[in-house]
Amino acid sequence: MKVLIVEDEMKLAALIARGLKCEGIDSIKTDSGKQALAEIAKNSFDAIVLDIMIQDLDGLSVLRRIRKSSNTTPVIIITARDIHEEKIAGLDAGADGDLTLLTFCL
């Protein structure tokens, strides 16, 4: 199993990758929307963990492009903000779930 982690907070991305590794899951980390789309174009992933607030192309735009290309890979959106409308927008864009993360102690 391979997961793409799209997160611009490198400590958080490393923490997610470490947790996945403990479960025997390989991951690739990227910190921008454009890099994420490039990884998706050249690799097959079993799941994508996608931060909404990332560099150069926000997570919702990345998600819309993924779904527009008929890619059905499960996507979990993550955000440090607990904004209900943002979560609904993510689910409407094609996310399979969402998590609100508290990152103040990383």
Side-chain angles (χ1 to χ4, degrees):
M1 180 174 241
K2 185 164 49 172
V3 174
L4 177 63
I5 302 167
V6 187
E7 170 59 66
D8 59 353
E9 294 289 334
M10 287 296 104
K11 287 182 181 180
L12 180 54
L15 183 65
I16 294 168
R18 192 173 7 180
L20 292 170
K21 185 176 182 178
C22 287
E23 296 299 321
I25 300 170
D26 294 325
S27 64
I28 293 176
K29 297 180 295 231
T30 185
D31 65 354
S32 79
K34 290 180 181 177
Q35 289 176 357
L37 292 172
E39 287 294 337
I40 292 166
K42 68 181 180 180
N43 292 296
S44 176
F45 294 97
D46 297 294
I48 300 168
V49 176
L50 178 62
D51 186 10
I52 290 178
M53 299 181 301
I54 51 175
Q55 303 172 30
D56 70 30
L57 188 61
D58 68 272
L60 292 179
S61 296
V62 171
L63 179 56
R64 286 185 191 102
R65 289 184 186 191
I66 291 169
R67 294 302 185 231
K68 189 174 182 180
S69 71
S70 300
N71 185 323
T72 60
T73 303
V75 176
I76 301 296
I77 55 171
I78 57 174
T79 183
R81 301 186 304 184
D82 190 17
I83 300 173
H84 187 70
E85 291 78 16
E86 194 171 73
K87 292 178 180 184
I88 290 173
L91 295 170
D92 285 346
D96 296 283
D98 70 273
L99 293 172
T100 302
L101 302 175
L102 299 176
T103 58
F104 60 87
C105 62
L106 291 177

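For the atom pair Ile52 CD1 and Ile77 CD1, the distance stands at 4.0 Å (nearest 0.5 Å). A distance of 10.5 Å separates OG1 in Thr30 from CD1 in Ile5, rounded to the nearest 0.5 Å. Taking OG of Ser61 as the reference point, atom CG of Asp56 lies at 10.0 Å (rounded to 0.5 Å). Remark: Met1 CE to Glu23 CD distance equals 11.0 Å, nearest 0.5 Å. The CD1 atom of Ile54 sits 9.5 Å away from atom CD of Gln35, with the distance rounded to the nearest 0.5 Å.
Heavy atoms only, all atoms of each residue included: Val6 and Ala36 are closest at CG2-CB, 3.6 Å. Minimum interatomic distance between Pro74 and Asp46 (heavy atoms only, all atoms of both residues): CD-O, 3.3 Å.
Following chains of ILVMFWY side-chain contacts shorter than 4.5 Å, one can reach Val49 starting from Ile25, so the two form part of one hydrophobic cluster.
In this structure, the side chains of Val62 and Lys34 stay at 4.5 Å or more apart for every pair of heavy atoms. At least one side-chain heavy atom of Leu20 sits less than 4.5 Å from a side-chain heavy atom of Val3. You'll find the side chain of Leu37 reaches within 4.5 Å of the side chain of Arg65, heavy atoms only. Residues Ile48 and Ile76 fail the side-chain proximity criterion, which asks for heavy atoms closer than 4.5 Å. By the 4.5 Å heavy-atom criterion applied to side chains, Asp31 and Gln55 are counted as neighbours. Considering only heavy atoms from C-beta on, Ile40 comes within 4.5 Å of Ile66 through its side chain. For the pair Leu50 and Ile78, the minimum side-chain heavy-atom distance is 4.5 Å or more. The shortest side-chain heavy-atom distance between Ile28 and Asn43 falls under the 4.5 Å cut-off.
No donor-acceptor distance shorter than 3.5 angstrom exists from the side chain of Glu9 to the backbone of Lys11, with no hydrogens or angles considered.
Checking Asn71 against Thr73 by side-chain atom types alone, a donor-acceptor pair falls below 3.5 Å.
Lys2 NZ: more than 12 foreign heavy atoms inside a 6.0 Å radius.
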